[in-house]
Amino acid sequence: MLYNSTQNAAEVVSSAQAIAQGISKDGGLFVPQEFPKYDENTFKALLKTDYKGRAKKVFSDYLTDFTEEEINDCVEKAYTSAKFGGENPAPLTFCNLDGKALNILELWHGPTCAFKDMALQILPHLLTKSLKKTYDGKDAVILVATSGDTGKAALEGFKDVDHTKILVFYPVDGVSPMQKHQMNTQEGANVNVCAIKGNFDDAQTGVKRIFTTPEVSEKLAENNMLFSSANSINWGRLLPQIVYYISAYCDMVNSGKIALGDKINVVVPTGNFGNILASYYASLMGLPINKFICASNSNNVLTDFIRTGVYDKNRNFYTTISPSMDILVSSNLERLLYKLSGNSDETTRDWMNKLKSEGKYEVTDEVKAVIKDKFFGGYCDDVQTKATISKLFEQDNYLCDTHTAVAVNVYEQYVNETGDNTPAVIASTASPYKFSKAVLQAVAPEAELPETEFEMVDKLNEITGTAVPAPLAGLKNKTSRFSDVTEVDKMQDYVLKALGLE
Ligand SMILES: *Cc1c(COP(=O)(O)O)cnc(C)c1O
């Protein structure tokens with residue numbers, strides 16, 4: 001299978017190349033030229049195997065330049081029960097809210113307690129093997145812009161991985177105290193963490209700019225290094241996310257919630273559009289998905305886009321209690337647009353250029369129609385998010401985090417608006433203890449708020465009885481290693497300095 005750039009169809013690469021490089025030289029994103037098709041028999045075989053078996057099947061169909069042995073090695077190393085707290089790294093939990101069944105796909109049992117682990121525990125293995133195939137002997141420099149969760153998950157995945165160095169930028173006031181503490185206490189000899197005086201979009205734009213600045217790449221090349229990306233623009237991030245939708249479907253069938261062939265809806269709390277895009281890609285492979293429900297917080301640029309076909313980032317930016325979704329430029333939407341425009345690199349490039357120059361573009365009527373048919377966009381604000389956390393806890397004793405609550409809230413809106421009762425799988429993207437303050441305020445609004453993050457964790461645990469994940473409990477006694485803060489326009493200097501290339 002080959003991959004090409006969304007902005008230049010002539011740029012054709014192998015999967016190892018796509019993963020090693022992260023982003024295309026023209027600034028476009030790598031997409032598979034076709035999608036493997038799974039029929040009833042494929043699913044019947046997948047039903048009988050476990051998460052790792054399902055992952056191996058999906059990976060082998062996309063990474064055709066990897067040997068079976070290589071894929072097995074990556075999967076076995078990534079999804080261990082030691083790292084994911086059990087045999088199934090992405091288990092379903094069944095809840096009820098106002099008489100509606102919620103099938104909650106818990107994607108946060110990995111080492112950093114957010115769904116990013118699902119991809120970032122395997123990406124370093126995929127990347128080091130890809131590097132060997134394509135740029136043998138070179139060291140990869142991983143630059144990450146994070147709204148909080150990717151940073152820590154990438155640091156944890158890449159720490160002390162040979163031939164890699166990792167540098168993470170996060171918005172100084174845009175992540176939760178727990179997220180900040182997780183990143184600043186990161187261990188490993190090849191890691192670096194720096195805050196920027198800007199928001200996530202500034203961090204992401206800054207990283208993208210450094211990537212595509214020829215002088216910087218030349219400097220790296222002279223020193224036997226090359227840039228790669230652990231952001232969700234990297235194909236090696238997206239592919240592992242396809243697996244858990246397929247696996248969740250199999251688990252729904254095996255638990256008797258649906259019959260093989262039945263349709264499901266998926267509900268995804270969305271920021272950069274990576275997670276929901278993975279579910280769309282799964283549907284192109286034959287997974288029967290009826291509707292993709294795209295849930296946003298007050299940064300509701302995607303809600304408006306799905307409803308009107310106009311993407312307009314010229315609007316207020318809100319800092320919310322679901323910070324991993326505080327995003328106005330959803331990078332992976334580009335991949336959907338490429339597909340919906342009939343794989344037109346020209347159209348995609350045109351829209352992306354408009355986004356750069358005017359902050360705005362409008363898709364064609366045909367694309368609008370497909371989006372309206374397959375997607376539902378909705379959003380809720382912080383007050384509604386907290387109300388949803390509180391209601392779900394009161395009714396079913398289930399404690400969810402702020403991002404998951406946005407998804408649950410929008411799902412309720414969807415059902416109320418449409419009456420569609422197709423069984424829905426709701427992606428739960430983080431442990432509630434990553435956002436203890438907001439969750440505590442939601443379930444115990446009268447309680448006095450403790451001062452420190454870890455006192456809040458303890459209090460939340462005391463009030464709810466919900467277990468604190470071991471990786472978060474263990475952070476309490478770790479000391480901070482990183483405290484740098486830089487201006488957005490100094491990011492490039494910071495990178496060169498950190499790499500010793502000034
Ligand atoms: C990253 C993240 C999201 C958004 O996922 P995208 O793939 O960027 O849309 C949602 N929730 C949490 C907790 C996250 O970490």
Side-chain angles (χ1 to χ4, degrees), residues 20-25 27 112 116 120 123-124 127-128 131 135 137-175 177 179-234 237 329 331 478-502:
Q21 226 174 292
I23 188 168
S24 171
K25 288 187 199 83
T112 77
K116 307 290 197 293
L120 280 161
L123 179 67
L127 183 72
T128 45
L131 278 174
Y135 300 99
K138 290 216 180 200
D139 288 354
V141 177
I142 317 291
L143 287 192
V144 181
T146 184
S147 56
D149 290 330
T150 294
K152 177 62 183 181
L155 289 162
E156 198 55 38
F158 279 98
K159 76 169 173 207
D160 295 327
V161 171
D162 285 349
H163 299 294
T164 69
K165 281 195 167 60
I166 173 160
L167 246 135
V168 171
F169 292 102
Y170 69 87
V172 67
D173 296 318
V175 301
Q179 289 175 320
K180 197 176 279 193
H181 191 61
Q182 278 187 302
M183 288 190 276
N184 286 339
T185 57
Q186 179 63 45
E187 290 160 2
N190 62 339
V191 305
N192 211 318
V193 177
C194 180
I196 62 140
K197 292 182 190 159
N199 62 31
F200 170 71
D201 289 317
D202 298 323
Q204 180 159 262
T205 311
V207 163
K208 220 172 164 179
R209 197 181 309 120
I210 298 170
F211 261 122
T212 46
T213 302
E215 303 90 83
V216 184
S217 310
E218 279 158 27
K219 231 178 202 156
L220 260 70
E222 286 162 18
N223 291 276
N224 222 16
M225 299 180 198
L226 86 169
F227 278 131
S228 189
S229 158
N231 275 91
S232 62
I233 48 175
N234 191 316
R237 276 284 302 278
V329 180
S331 314
K478 287 206 173 153
T479 46
S480 198
R481 291 182 65 202
F482 303 101
S483 56
D484 289 345
V485 184
T486 189
E487 306 282 342
V488 175
D489 59 5
K490 298 270 161 50
M491 285 169 68
Q492 183 171 316
D493 300 341
Y494 188 90
V495 170
L496 293 174
K497 195 168 161 204
L499 296 174
L501 300 180
E502 264 177 320

Flag side-chain contact, heavy atom, 4.5 Å: Met183 against Phe482: no

Ile166 vs Leu155, side chain to side chain contact (heavy atoms under 4.5 Å, CB included): CA-CA, chis, key distance, verdict: CA-CA 7 Å; Ile166 173 160; Leu155 289 162; 4.2 Å; yes

Derivation of the side chain to side chain contact (heavy atoms under 4.5 Å, CB included) call for Met491 and Leu143: CA-CA 11 Å; Met491 285 169 68; Leu143 287 192; over 6 Å; no

Test log, rule side chain to side chain contact (heavy atoms under 4.5 Å, CB included), inputs Val168 and Phe158: CA-CA 11 Å; Val168 171; Phe158 279 98; over 6 Å; no

Results of ring pair (Phe, Tyr, Trp, His ring centres under 6.0 Å) for Tyr135 - residues two or more places apart only: none

Nearest-0.5 Å distance that lies between atom CD in Gln21 and atom CG in Asn234: 10.0 Å

Distance-minimising heavy-atom pair for Lys208 and Ile23: CE-CD1, 3.6 Å

Asn224 atom CG: more than 12 heavy-atom contacts under 6.0 Å: yes

Pair Asn190-Thr164, side-chain donor/acceptor within less than 3.5 Å: yes

Exam field: side chain Lys219 to backbone Glu502, donor-acceptor pair closer than 3.5 Å: no

Between Gln182 and Thr112: side-chain donor-acceptor atoms closer than 3.5 Å: no

Side chain to side chain contact (heavy atoms under 4.5 Å, CB included) between Leu220 and Leu501, intermediate numbers included: CA-CA 8 Å; Leu220 260 70; Leu501 300 180; 3.7 Å; yes

Reported SG-to-CG distance for the pair Cys194 and Leu167, which is rounded to 0.5 angstrom: 8.0 Å

Over all atoms of both residues, closest heavy-atom pair of Ala230 and Ala154: CB-CB, 4.2 Å

Any donor-acceptor pair under 3.5 Å from Asn231 side chain to Ile233 backbone: no

Pairwise distance OH(Tyr494) to CD1(Ile210) - rounded to 0.5 angstrom: 11.5 Å

N/O donor-acceptor pair under 3.5 Å between Arg237 side chain and Ser229 backbone: no

Heavy-atom donor-acceptor pair, Asp160 side chain to Ala189 backbone, under 3.5 Å: yes

Atom pair CD/CG of Glu156 and Leu120 - distance to nearest 0.5 Å: 10.5 Å

Expected output: side-chain Ser228 to main-chain Ala20 donor-acceptor under 3.5 Å: yes

Nearest non-hydrogen partners of Val175 and Gly148, listed with the distance: CG1-CA, 3.6 Å

Straight-line distance of Asp489 CG to Lys197 NZ, nearest 0.5 Å: 10.0 Å

Side chain to side chain, His181 and Thr185, heavy atoms closer than 4.5 Å: yes

Lys116 NZ to Lys152 NZ distance, which is reported to the nearest 0.5 Å: 15.0 Å

Heavy-atom pair with the smallest gap, counting every atom of His163 and Lys138: CB-O, 4.1 Å

4.5 Å side-chain heavy-atom contact, Val207 and Phe227: no

Donor-acceptor contact present, side-chain Thr150 to main-chain Thr146, <3.5 Å: no

Closest contact, heavy atoms only, Leu131 versus Ala140: CD1-CB, 3.5 Å

Leu127 and Ile142, any side-chain heavy atoms less than 4.5 Å apart: yes

